[in-house]
Amino acid sequence: TQSTRPQRLLSAVQKNATRGNPRSVVRAIDEFCRHKEWAMNVGDEKGCILDSIVSEVNPVTVLELGTYCGYSTVRIASLLPPNAKLITLEFNPDFAAIARQVIAWAGLQDKVQLVEGSSGDWIPKIQEQFGINTFDLVFLDHWKDRYLPDTKLMEKCGLLRKGSVLVADNVICPGTPDYLEYVRSSPCYKSQYFISHLEYTKAEDGLEKSVFLG
Ligand SMILES: O=c1[nH]cnc2c(O)c(F)c(-c3ccc(F)cc3)c(-c3ccc(F)cc3)c12
Ligand SMILES: [Mg+2]
C-alpha cells in the first residue's frame with residue numbers, strides 16, 4: 001500500500017535526524033519539505049520568528065492548536081524550561097500517530113501531551129483534565145475558520161490571563177480575516193504582525209502575535 005506524506009516525513013526524520021536532538025529533527029523536516037515534498041509545517045523562516053517569541057515569553061504552560069506532524073511542537077518544546085508543559089491538540093488521527101513518533105524521536109515526549117480530538121470539544125475540558133488554569137502561550141495553527149471561535153472559547157473558559165500571548169500562523173495565506181479583525185480591533189488585545197513567507201515558498205505569509213490584556 002502507498003505511504004502517506006506524513007509517513008514519508010517521519011521516515012526522513014528517522015533516517016536523517018539524531019534521536020534526542022530536536023534541532024536535527026527540525027532540520028531533517030525542513031530539508032525534506034524544501035527538497036523532496038512540501039508539507040504544511042510552520043517552516044524555518046516563520047519558525048525563527050516563533051522561536052524568538054517563545055524565548056521572550058519563556059512560557060511554563062503552552063497550548064498548540066494543530067499538531068500536524070509535530071514540527072512546531074518540537075520547535076516550541078525544545079525551548080521550554082524543565083518544568084514547562086505543552087498540550088497539543090490534533091483532530092486527524094493519522095497526523096497524530098506520526099506526530100507522536102516525531103516528538104518521541106526528538107526526545108520531548110515528557111514535555112508534550114498530544115490530545116486527539118477537536119479543539120472545540122477539548123478546550124472546555126483542559127482545566128479539569130490536565131490541571132492547567134491558564135496558558136502563557138497559545139500557538140494557533142489548526143484550521144483558519146476555527147481561530148476566532150476557539151479564541152472566544154478560550155476567553156470564555158478563562159484559559160487566558162493578563163499577558164497571555166497568542167501566536168497565529170497563516171494569517172495571510174490562506175488567511176484568517178475574521179480573526180485578524182478581532183484581535184486587531186478588540187481593546188482586550190495588543191496585536192503585532194510579523195511579515196514572512198509561506199513555508200518553503202516565496203509567497204507572503206506571516207504570524208500575528210496578540211497579547212491578551214485581560
Ligand atoms: O490548514 C492549515 N493548517 C495549519 N497550517 C497550514 C499552513 O501552514 C499552510 F501553509 C496551509 C496551506 C497554505 C497554502 C496552500 F496552498 C496549501 C496549504 C494550510 C492549509 C490551508 C488550506 C487547506 F485547504 C489546507 C491546508 C494550513
Ligand atoms: Mg500553518
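Indexing begins at 1, ligand by ligand and atom by atom, following the structure's order.
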Any side-chain heavy-atom pair of F95 and T4 under 4.5 Å:
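F95 does not reach T4 side chain to side chain.
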Mind checking whether W38 and C33 have side chains closer than 4.5 Å, heavy atoms only?
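In short, these two side chains do not touch, never coming nearer than 4.5 Å.
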Is atom 5 (N) of ligand 1 touching the protein, meaning some protein heavy atom lies under 4.0 Å away?
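Protein heavy atom within 4.0 Å of atom 5 (N) of ligand 1: present.
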Which of the atoms in ligand 1, numbered in the order shown and given with their element, are less than 4.0 Å from a heavy-atom of N170?
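This gives 4 (C), 5 (N), 6 (C), 7 (C), 8 (O), 9 (C), 10 (F) as the contact atoms.
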Within a radius of less than 6.0 Å around CZ of R19, do more than 12 heavy atoms belonging to other residues, nucleotides or ligands occur?
no
Out of curiosity, is P174 lining ligand 1, as in a heavy atom under 4.0 Å away?
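P174 counts as a contact of ligand 1 under the 4.0 Å cut-off.
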Check whether any heavy atom of W38 sits under 4.0 Å from an atom of ligand 1.
yes
Under 2.8 Å from the Mg ion (ligand 2), which protein atoms of type N, O or S occur, listed by chain and number?
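Counting only protein N, O or S atoms under 2.8 Å from the Mg ion (ligand 2), the list reads D141 OD1, D169 OD2, N170 OD1.
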Can you confirm if the aromatic rings of Y68 and H142 lie within a centre distance of less than 6.0 Å?
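No; Y68 has its ring centre 6.0 Å or more from that of H142.
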Quick one: OG1 on T176 to CG on N170, what's the gap to the nearest 0.5 Å?
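Here the rounded value is 8.0 Å.
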Distance, nearest 0.5 Å, that separates CG of D169 from CD of E199:
6.0 Å
Regarding atom 13 (C) of ligand 1: of the candidates L198, D141, D169, which has the closest heavy atom?
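Selected option, by shortest heavy-atom distance: L198.
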Selection from E199, R146, K46, M40 by shortest heavy-atom distance to atom 10 (F) of ligand 1
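Residue with the shortest heavy-atom distance to the ligand atom: E199.
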Only one of L63, L159, T61 forms a side chain to side chain contact (heavy atoms under 4.5 Å, CB included) with V138, so which one is it?
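Exactly one option meets the side chain to side chain contact (heavy atoms under 4.5 Å, CB included) with V138, and it is L63.
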The single option from L108, V62, N58 passing side chain to side chain contact (heavy atoms under 4.5 Å, CB included) against L80:
V62
Geometric N/O contact H142 with ligand 1, under 3.5 angstrom
yes
So is K125 actually on top of F130's ring, under 6.0 Å and inside 45° of the axis?
no
With R75 as the cation and F139 as the aromatic partner, state whether NZ or CZ is under 6.0 Å from the six-membered ring centre and within 45° of the axis.
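The answer is no, since R75 fails at least one limit relative to F139.
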the protein heavy atom lying closest to atom 14 (C) of ligand 1 turns out to be C173 SG, 3.8 Å
Which residue supplies the protein heavy atom nearest to atom 22 (C) of ligand 1, what is that atom called, and how far is it?
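Answer for atom 22 (C) of ligand 1: W143 CZ3, 3.7 Å.
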